[in-house]
Amino acid sequence: MNAWLVAAAVLMFALLPCGVVVFRGDAVRRVVGLEMTGVVIVMVLLMLAEGVHNVNFYDLALATALLAFGGGLVFIRFLERWL
């Protein structure tokens with residue numbers, strides 16, 4: 001176990017406050033929690049890729065970043081109708 005894997009495990013605890021905001025916040029804070037969750041997951045995937053020396057995880061992190069951004073835009077689009 002190297003420092004990258006330890007950092008990825010520690011960073012997973014950053015998902016707890018994001019989850020609380022997503023499930024308990026108002027609509028605007030939920031969008032912020034959703035985007036922050038996407039950022040944290042991308043960082044965890046990058047650290048895992050470096051920790052296990054598997055270049056396929058870099059592609060997975062890039063795809064996750066693009067999908068998280070697109071998901072946030074879709075959420076905001078639907079949120080626009082209700083506010």
Give the table of side-chain donor-acceptor pairs shorter than 3.5 Å for residues 36-52, with sequence neighbours excluded, one pair per line with atom names and distance.
unit_1, atom_1, unit_2, atom_2, d
Thr37, OG1, Gly33, O, 2.7
Glu50, OE1, Tyr58, OH, 2.6

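Residue Leu73 shares its hydrophobic cluster (ILVMFWY side chains chained together at separations under 4.5 Å) with Phe69.
Val32 and Leu34 fall into different hydrophobic clusters, where Ile, Leu, Val, Met, Phe, Trp and Tyr side chains are chained together by heavy-atom contacts under 4.5 Å. Put simply, Phe57 and Val10 are part of the same group of oily side chains (I, L, V, M, F, W, Y) that touch within less than 4.5 Å, one to the next. Tracing side-chain contacts under 4.5 Å through hydrophobic residues (I, L, V, M, F, W, Y), one reaches Trp4 starting from Met1; they form part of the same cluster.
Of all the heavy atoms in Val21 and Arg30, the pair that sits closest is O-CG, 3.9 Å. Of all heavy-atom pairs spanning Thr64 and Leu60, the tightest one is OG1-O, 2.7 Å.
Here the side chains of Asn2 and Leu5 are in contact, with some heavy-atom distance below 4.5 Å.
Residues meeting the side chain to side chain donor-acceptor pair (under 3.5 Å) test with Asn54, sequence neighbours left out: Asn56.
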